Amino acid sequence: MATYDDQNIFAKILRGEIPNDTIFEDEHVLAFRDINPQAPTHVLVIPKGAYVSFDDFSEKAGDAEIAAFVRAVGHVARKMGLKDSGYRVLANHGRDSNQEVPHFHVHIAGGQQLGPLLAKPRS
Ligand code: 5GP
């Protein structure tokens, strides 16, 4: 597991060094619009704690952080009006997923038919 880099872009957003379009915030969680949306609604949900990825979060986060995070994902999806039409929740971990930002986050995407889960891998 890589050590946490506190210069990653989401750490800077959490410190207020870079602006964001906040959708929801509480003690443990921040949710904001993705800067390069891949769907009509594309929101990122991140814990405020310093976790590199889902692997790190699932192993080290406390129960209160995990509960707050899961509650926040559902809350944000409902707030964005996606409950009835449907949405996708996705987290990238590590090299093979092309995780770009090394601070754990999930993507919530919706607002259109999203198609298949995965592109076919290159042979
Ligand atoms: P990953 O590939 O790590 O799962 O996704 C990282 C996401 O962060 C990408 O969808 C990318 O568009 C988004 N992103 C990268 N930099 C910024 C930024 O400065 N602000 C916001 N709001 N999103 C960002």
Side-chain angles (χ1 to χ4, degrees):
M1 170 62 62
T3 53
Y4 185 79
D5 171 12
D6 68 5
Q7 293 306 305
N8 79 74
I9 203 94
F10 293 170
K12 292 180 180 178
I13 284 175
L14 284 169
R15 291 195 295 267
E17 295 167 13
I18 293 175
N20 74 92
D21 188 353
T22 299
I23 301 294
F24 171 79
E25 181 169 14
D26 71 8
E27 179 190 352
H28 294 295
V29 178
L30 179 68
F32 52 93
R33 289 186 193 275
D34 196 292
I35 204 169
N36 182 23
Q38 304 297 308
T41 301
H42 185 172
V43 177
L44 301 170
V45 185
I46 71 174
K48 290 188 172 177
Y51 302 102
V52 176
S53 73
F54 179 78
D55 179 75
D56 198 18
F57 184 72
S58 67
E59 186 178 16
K60 297 182 188 151
D63 291 353
E65 290 173 286
I66 292 172
F69 190 83
V70 174
R71 295 272 190 213
V73 171
H75 172 74
V76 167
R78 286 189 294 278
K79 184 173 181 180
M80 301 309 287
L82 299 174
K83 179 179 169 183
D84 291 338
S85 54
Y87 57 92
R88 186 166 287 159
V89 176
L90 186 148
N92 290 316
H93 161 73
R95 183 196 62 210
D96 282 355
S97 74
N98 299 319
Q99 182 182 359
E100 180 189 325
V101 179
H103 180 112
F104 172 51
H105 52 282
V106 302
H107 301 253
I108 301 174
Q112 67 178 31
Q113 170 50 238
L114 295 169
L117 177 60
L118 297 174
K120 288 195 173 126
R122 290 185 294 272
S123 51

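Values below: all heavy atoms of this structure, side chains included; hydrogens, waters and symmetry mates excluded. Keep in mind that this is a model prediction, so the values were computed, not measured. Atoms within a ligand are numbered from 1 in the order they appear, just like the ligands themselves.
Evaluation of the side chain to side chain donor-acceptor pair (under 3.5 Å) rule for Tyr51 yields Glu65 as partners, not counting sequence neighbours. Legend: residues meeting side chain to side chain contact (heavy atoms under 4.5 Å, CB included) with Lys12, ordered by chain and number and at least two apart, are Gln7, Arg15, Glu17, Ile18.
Using modelled atom types, no side-chain atom of Lys83 and backbone atom of Ala77 make a donor-acceptor pair closer than 3.5 Å.
In plain terms, the two heavy atoms of Ser53 and Gln99 that are nearest each other are CB-OE1, 3.6 Å.
If you look at ligand 1, the protein residues with a non-hydrogen atom under 4.0 Å away are Ile9, Phe10, Ile13, Phe32, Arg33, Asp34, Ile35, Asn36, Leu44, Asn92, Asn98, Gln99, Glu100, Val101, His105, His107.
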Would you be so kind as to tabulate the donor-acceptor pairs closer than 3.5 Å made by side chains of residues 105-118, with sequence neighbours excluded?
from: His105; atom 1: ND1; to: His103; atom 2: O; distance (Å): 2.7
from: His107; atom 1: ND1; to: His42; atom 2: NE2; distance (Å): 2.8
from: Gln113; atom 1: OE1; to: Gly115; atom 2: N; distance (Å): 3.0

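Aromatic pair Phe104/Phe10: centroids not less than 6.0 angstrom apart.
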